[in-house]
Amino acid sequence: MKVNARKSLESLNSKADWTGIRFVEEDSRTLFVRDERLEPSHQEINSGAMVEVLVDGQFSYAATPDTSELGLKRAYQKAMGLAEIAKSWKLTNFTEEQRPKATGSYSTPKANDLDTAGIEQLVQNLVDATKAMKTSDEVMSRHAYIMHSQTKMRYVSSSGSDFEQNFTQNLSNLSVTAQRGGDVQTRSNGMDVGQAGAEFFNREKLLKQGTQIGEQVLELLSAENCPSETMDVILAPSQLYLQIHESIGHPLEIDRILGDERNYAGWSFVNLEDFGKLQYGSSLLNVTFDPTLPFEMASYMYDDTGARADKQYIIKDGQLLRGLGSLESQSRAKIDGVACARATSWNRPPLDRMANLNIEPGTSSLKEMISSVERGILMDTNKSWSIDDYRNKFQFGCEYAQLIENGEITKTVKNPNYRGMCTPFWNSLKGVGNNETFEVWGSYFCGKAEPNQTIRVGHATPYCLFSDVEVFGGAK
Amino acid sequence: MSSSKEVIRARKKLFNTLCERAFSHLSGEESMTVSLVSEKTLYARLNHSKIRQSTNVDQSEVEIQFVSNSRELKKSMTLTWDEGEDFKRLQLLIESARKEAEILPETPFIVDPENNASSDQDILLERSNNEEVIDQIFKPIQGIDLAGLYTDGWVIRANQNNKGQKHWFSTESFYLDYSIYSEKQKAVKSCYAGTTWNQKDWEANVNDSNHQLSQMRLPVQDVKRGEYRTYLAPAAVAEILDTLNWGGWSGSAYKQGWSPLKDLIEGKRKFSDKVTITEDFTQGFSPKFNHQGEVAVDTLTVVEKGELKNLIVNSKTAKEYGDLKSTAAGGSEGLRSLKFHTGGLAKADILSSLGTGLYVSNLHYLNYSDRPKGRMTGMTRFACFWVENGEIKGPIKDLRFDETIYNVFGDNLLEITDFSEVQPETMSYGCRHIGGARVPGLLVDKFAYTL
């Protein structure tokens, strides 16, 4: 996209109280190797602009793929027309304060771009990774899938904002499915994600993961079903990241608490009065909004309204301190938030989204946590997730688990699931892993909002130990 | 201001021109399919019966499926509808596909484009300004706490290939997907959808919802976990079917070991003989052509009297496995126009047939808890009631269920309603989706609630 952003803004001769244009261009590649053969590769080049106007306290939006001066002018007129009608029914009064002046630039730190030669080599690496998964004739299918997205975002506004952010984000998903008799098991790498260049798709790592999951899927076929009982649970970061996402991230989004999301993803059990008071978890729980970890999925300098992003404690020593709310939500709710107004692309308006939401490391080694468990289970790699619309009653399933008896891992079990209630669960936290157990995870596809949007999020966490969790296995 | 008909006609003309120009630049052994997804939509997001955000979206994307040298590549790009700019971009896209086809390995089971059939369907109205409806939305909802989304506009799905096959489908419609709330945060969900806004219909729809909400003001019933006789209203059944559409009917998913209906497909388990499910394109929810322009039959029986009759299969899967027949499915091999056939339970008899148990209007956030065995979990949501001796006693606190599909559609299925309801597709990830399903309600015994 070759546009003169400032000139485009000036050419609108906007009559609005405030005007902004957010240009986005994204080049995404997907490669999918199944059983050592490359399926049709895909590249998507998507570009356009969102024109935003503030009229009489109401933001209105118009998205256009035509970034010529004429195209933007038409979008501006659409947004103004909409603002004129919508202002009679506006929910709240916003001002320019919700669009602060922001200048500068951010780019993902990276070593290599994914060029044509790199694609050729990467395909070979994925072919070899699926080859490594072929550990038995019982293996039915082997998948190696990657996504690599380069996103350029440029934002200009009538209040002097002019910034650019360039993100390179990646996903690698390896999985293998095997069958014995009527039993089918799948083991995967849990979907690696992060910001980096083409070096993200490290050949040795892919081959190692391919070999490991190929061996573990057979281990699962031979394993007993997970027992059904209440016991201690250690969650690996490959599962815990989604527990954080669903039962800390979403309920603390201020726009959910304010009811914007009630008709779709839902509300929240958290009330505005809970901030500064609610003991969300045990005193070992420290959760931060941290956009500063360079390789985590949602590190950035500014959100999509120009608010500067910095590290903030959301939960400290178990107590809820602030919400995941943008400047718009903060002005409505009158509580502290973070820089988290984000849009999926040029065709949607920004709203409260998680970015990087992490559990800070504690002091326990994994060995110490296992040793402390008389009877429990260590669960690894998310397979299934479900939670109610208030974000209270959850149920998760994992791919792989190991029983812990008298402080030692004794055997692998299959089809592990657990369920619980949000704050009782986090208050049962009794061990937090140290830096050595800390891993960076996240998701490419967090869905929210009407109209729907997906967003990329990061969650870094150590291993954690919880007491008295309701655990159960698969169907008989 | 141009009407939607005029804009769509102009886009059809330009899409034809772009395709012609692109196909004329292919070499002898190259072939290509060009697909278009386009929309102009007004989205108004509502909270507390006010506008939270309003957005006009004009977006279009073409995808090329390029085949050369036994390689297949897919590439897509945004269309601006400036012929010069778009053709320049399209040429660059084709050129990059050509170069990558030289270095990538062969693609297995390529289905070469063919000229099977062409179609041209526009379901359009003469409207130029959908913003005018906004004022009308609010008149009957003052004093009501409503949240939701008003979506209004037109969508296009089209594709052409260099063998001469051409398909075009456009349609224009609106929906207001909403929920209303009591003072104690109890809610009722509804959707008002159509092609022409009718104020009286909208007011009647709101009045119906308000009436239901009055039942949500009855004392909240504390229901413990356990197994209960349950009536699943059509919207709740649609959630289960949506989850099953995630690999359940797919030939490819079955062959690769991740179908949740493995035992049904292999004849080891059956649904109740009351269950018949078809893919029925005569319902008009979506076009019959798929991403490759292949045309599905009007009606395909998927489950008949509890037994699987056909899997949903695209031509690539059919070519790979040999023992599966293509049903001109889409890439994900899901049902695009589902019809769950009705039974004999009259609406007036639902509560008396339920007797004592749970009336569940909606389910939420379903996922598999044991996928190969067809077991899924999820939550009750919105207007769900405890019923005693055929009488609603009051709303419940949300419950989690965990059940196998063989219990719900099989051993424990007592009755199916004699009516069904259209569940319009309201998803808008990436773009406004199209489609829908026609689904009845189910009376089920021993439905398991676990939390």
Side-chain angles (χ1 to χ4, degrees), chain A residues 37-48 58-66 71 78-79 81-82 85-86 89-91 116 119-120 123 140-141 177 179 184 186 258-260 262-263 266-267 347-349 384-389 393 395 397 415 417 419 447 450-452 454 474-475, chain B residues 43 45 47-48 50-61 72-82 99-100 103-105 107-108 131 134-135 138 147-149 177-179 256-258 262 364-370 372-373 375 377-379 381 398 400 404 427-429 450-451:
Chain A
R37 290 181 295 200
L38 178 68
E39 296 286 313
S41 66
H42 188 235
Q43 180 184 22
E44 179 180 11
I45 300 169
N46 189 294
S47 61
Q58 169 94 359
F59 288 106
S60 291
Y61 303 83
T64 177
D66 182 357
K78 269 284 184 193
L82 202 47
I85 294 168
W89 305 106
K90 63 187 175 188
L91 178 66
T116 307
I119 291 170
E120 193 176 6
V123 169
M140 296 179 76
S141 60
T177 299
Q179 177 174 240
V184 179
T186 296
L258 292 168
D260 291 355
R262 287 180 292 174
N263 186 57
W267 220 333
N347 61 352
R348 296 285 185 265
S384 171
W385 60 100
S386 174
I387 190 164
D388 72 90
D389 57 322
K393 292 181 177 180
Q395 179 169 316
N415 307 321
N417 295 272
R419 56 171 81 100
E450 297 175 299
N452 303 149
T454 56
Chain B
Y43 294 108
R45 190 175 200 206
N47 187 12
H48 298 303
K50 302 281 186 186
I51 293 179
R52 168 65 188 94
Q53 282 176 324
S54 54
T55 311
N56 258 297
V57 177
D58 182 352
Q59 62 176 4
S60 307
E61 185 170 85
E72 180 182 332
L73 298 96
K74 293 178 182 176
K75 289 183 179 269
S76 51
M77 63 172 220
T78 305
L79 278 189
T80 67
W81 300 105
D82 175 290
K99 281 183 183 162
E100 285 169 29
I103 59 125
L104 292 176
T107 309
E131 287 96 339
I134 287 180
D135 277 339
F138 292 100
L149 180 73
D177 182 352
Y178 73 96
S179 40
Q256 291 176 51
W258 55 279
K262 179 177 182 292
H364 173 66
Y365 216 136
L366 275 60
N367 206 329
Y368 295 108
S369 50
D370 188 347
K373 298 297 179 192
R375 199 178 88 185
T377 185
M379 296 296 304
R381 193 178 184 189
D398 288 334
R400 171 167 295 286
T404 76
M427 289 287 116
S428 50
Y429 286 107
T450 55
L451 188 62

So CD of A:Glu44 and OG1 of B:Thr78: to nearest 0.5 Å the spacing works out to 7.0 Å
Looking only at B:Arg400, B:Gln59, B:Met77, B:Glu61, the option with the highest number of non-hydrogen pairs under 4.5 Å against chain A is B:Arg400
Rounding to 0.5 Å, atoms CD (B:Gln256) and OG1 (A:Thr177) come to a distance of 8.0 Å
Bottom line for B:Asp135: the part with an atom under 4.5 Å from chain A's heavy atoms is both
Are B:Asp82 and A:Asp66 close enough, and set up right, to give a side chain to side chain contact (heavy atoms under 4.5 Å, CB included), and what steps lead you there? CA-CA 8 Å; B:Asp82 175 290; A:Asp66 182 357; 5.9 Å; no
### Message
Looking at A:Pro65, is its backbone amide N or carbonyl O close enough to the side chain of B:Thr80 to form a donor-acceptor pair, meaning the two atoms are under 3.5 Å apart?
### Response
no
Cut-off 4.5 Å, heavy atoms of chain B, and the answer for A:Asn417 is side chain
Assert top hit (heavy-atom pairs under 4.5 Å, partner chain B, pool A:Ser41, A:Gly81, A:Ala62) equals A:Ser41
Is there a side-chain contact between A:Asn415 and B:Lys373, using heavy atoms and a 4.5 Å cut-off? no
Counting heavy-atom pairs under 4.5 Å with chain A, the top scorer among B:Ala147, B:Pro105, B:Pro372 is B:Ala147
Heavy atoms of B:Leu451 and A:Lys393 approach each other most closely as O-NZ, 3.1 Å
Subject >> Chi angles and distances behind the side chain to side chain donor-acceptor pair (under 3.5 Å) call for A:Thr64, B:Asp58 >> reply: CA-CA 5 Å; A:Thr64 177; B:Asp58 182 352; 5.4 Å; no
By ring pair (Phe, Tyr, Trp, His ring centres under 6.0 Å), B:Tyr368 pairs with (sequence neighbours left out) B:Trp246
Under 4.5 Å to a heavy atom of chain B? For A:Val184 that would be both
One option among A:Asn347, A:Asp389, A:Leu38 has the most heavy-atom pairs under 4.5 Å with chain B, and it is A:Asp389
Scored by heavy-atom pairs under 4.5 Å with chain A, the best of B:Thr404, B:Thr55, B:Thr107 is B:Thr55
Query raised in the report: Would a distance-only check, ignoring hydrogens and angles, find a side-chain to backbone donor-acceptor pair under 3.5 Å from A:Asn263 to B:Asp177?
Result: yes
Interatomic distance, CG@A:Leu91 vs CZ@B:Arg52, rounded to 0.5 Å, equals 7.0 Å
Honestly, the part of B:Lys262 sitting under 4.5 Å from a heavy atom of chain A is side chain
One should read off an interatomic distance between B:Glu100 CD and A:Ile119 CD1, to the nearest 0.5 angstrom, of 5.0 Å
Hits for ring pair (Phe, Tyr, Trp, His ring centres under 6.0 Å) against B:Phe138, two or more places apart or cross-chain, chain-then-number order -> A:Trp89
Can B:His48 and A:Arg262 be said to form a side chain to side chain contact (heavy atoms under 4.5 Å, CB included), step by step? CA-CA 10 Å; B:His48 298 303; A:Arg262 287 180 292 174; 3.5 Å; yes
Looking only at B:Lys50, B:Arg381, B:Glu72, the option with the highest number of non-hydrogen pairs under 4.5 Å against chain A is B:Arg381
B:Thr377 and A:Ser386 have their tightest heavy-atom pair at CG2-CB, 3.9 Å
With chain B, the option among A:Ser384, A:Ser60, A:Ser141, A:Gly259 that has the most non-hydrogen atom pairs under 4.5 Å is A:Ser384
Output for pair (A:Gln43 CD, B:Lys75 NZ), nearest 0.5 Å, gives 3.5 Å
Counting heavy-atom pairs under 4.5 angstrom with chain B, the leader among A:Gly71, A:Gly397, A:Ala79, A:Pro349 is A:Pro349
For B:Ser76 and A:His42, the nearest pair of non-hydrogen atoms, with its separation, is OG-NE2, 3.3 Å
Here the gap from A:Leu82 atom CG to B:Ile134 atom CD1, rounded to the nearest 0.5 Å, amounts to 5.5 Å
Check the pair A:Ile387 / B:Tyr365 against side chain to side chain contact (heavy atoms under 4.5 Å, CB included), numbers first and verdict last. CA-CA 6 Å; A:Ile387 190 164; B:Tyr365 216 136; 3.7 Å; yes
Heavy-atom nearest pair, A:Gly447 first then B:Tyr429, reads CA-OH, 3.4 Å
I would like to know whether B:Ile51 and A:Gln58 meet side chain to side chain contact (heavy atoms under 4.5 Å, CB included); could you show each step before the answer? CA-CA 9 Å; B:Ile51 293 179; A:Gln58 169 94 359; 3.4 Å; yes
